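Just so we're clear, the structure is a prediction, and the values are computed from it rather than from any experiment. Residue numbers begin at 1 in each chain, while the letters A, B, ... track the order of the sequences.
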There are 2 protein chains.
Amino acid sequence: MSLAKPAFPAPDHDHGRCTAEALTHAEAVCEQRSQKFTPIRRQVLQALLSSHRPLGAYEVIDELAKSMPRPAPITVYRALDFLMANGLVHRIESRNAYLACAHDHDATSAVAFLICERCGLVGEVPAAPFAQGLNQAARSSGFAPRLSVVEITGTCTHCQTHA
Amino acid sequence: MSLAKPAFPAPDHDHGRCTAEALTHAEAVCEQRSQKFTPIRRQVLQALLSSHRPLGAYEVIDELAKSMPRPAPITVYRALDFLMANGLVHRIESRNAYLACAHDHDATSAVAFLICERCGLVGEVPAAPFAQGLNQAARSSGFAPRLSVVEITGTCTHCQTHA
DNA sequence: GAGATATTATAAGTAAGCTTACGATCTATC
DNA sequence: GATAGATCGTAAGCTTACTTATAATATCTC
């Protein structure tokens, strides 16, 4: 797993494998930090991993409801908070939705999200150099940046060719 | 009006003037495009101009309700859509809120928003060079970017010194 | 096995954000 | 002054997003 892989998920990628890898990664991260990767947390992550689309919290609930008694919103929000705190899930601000992070980058490094308007798939691109420049520009005006959100909407390769 | 002015609104800036300028600018833009700057549109813009904080749609309604019979949500959303389409208002995605654009930059040029977590004020910085780099990176992975959202949360100068 | 801590469950509720549908009014143009 | 297009109003409703509060359960530590 690295940022060298294609930024946008290819429609024919081995999704089973990318899901499995992400789960293994999550276990490792939690282990390492002595955090508990409880069943509910795992299930929420799995729901998000089921596609490369961001899901709203209530979509996650719907997804989980298929395989267990419908969880309460709070239950899912707590799991999402945990997963985000550990860099396993991103929140897509422009959609109020959540996305499993398929890449193993450290939680602090800046990423930009590429959101396809057509199919809803989301990819990541490393944005560190640009974010740095921006943060610098911000700082030079006296502003102390803490968190950058970069979200680019457009059309993915696949949807461009399958117009 | 230009991007050369301070990116973040100084707490002691001449707000009456910056409001008046923005309104004049709005009139000019509408005139030029033969669009109608109707009373409701003006009032919504004024509500947003009353601060440099982004307001949610329902906050706009509350604001308008002070000086007229409470408008329905749809009324405000229509006005907001119009104002956004004409580059007079930005939507802050990470807050589901709307911000009057105090600067006279053309609607397409990329800007980044600096959002103070403490006081809620929002400033703009020109982000064209960074956005270009990012868009380039996106394109090189086959993605066709349309709209970039860059929102940086942090602490503004004023709030840093008045901890 | 007692106590402290972390996690989850249950129940209920708030409110923001946005939409649909339809009719009325205004404005420009012929 | 008739028609078409844009705008606005009224009324109602829906979904999402998230919170508060409290109790139960599990896990760890001593």
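- Out of C:dT7, D:dC18, C:dT10, the shortest distance to the side chain of A:Ala72 is found at C:dT10.
- Atoms CD (A:Gln35) and C1' (D:dT27) sit 14 Å apart, rounded to a whole Å.
- If you measure from atom CZ of A:Arg41 to atom P of C:dT8, you get 4 Å, rounded to the nearest angstrom.
- Between B:Asn96 atom CG and C:dA15 atom C1' the separation is 13 Å, expressed in whole Å.
- Judged by distance alone, with hydrogens and angles left aside, B:Arg78 brings no side-chain donor or acceptor close enough to the base of D:dA6 to form a pair under 3.5 Å.
- Using a 4.0 Å heavy-atom criterion, one finds that A:Phe37 contacts no nucleic acid atom at all.
- The side chain of B:Arg95 places no N or O atom within less than 4.0 Å of a non-bridging phosphate oxygen (OP1 or OP2) of C:dA16.
- Taking the side chain of B:Tyr77 as heavy atoms from C-beta on, and the options D:dT10, C:dG17, D:dC18, the nearest nucleotide is C:dG17.
- Atom CD1 in A:Ile74 sits about 18 Å away from atom P in D:dA24, given to the nearest Å.
- Of the candidate nucleotides C:dC18, C:dT7, C:dT27, C:dT27 has the atom nearest to the side chain of B:Lys36.
- Contacts between residues 53-62 of chain A and DNA chain D, counted as heavy-atom distances below 4.0 Å, involve A:Gly56, A:Ala57, A:Tyr58.
- DNA chain C is contacted by both A:Ala79 and A:Pro73; A:Ala79 maps to the nucleotide lying nearer its 5′ end (nearest heavy atom per residue).
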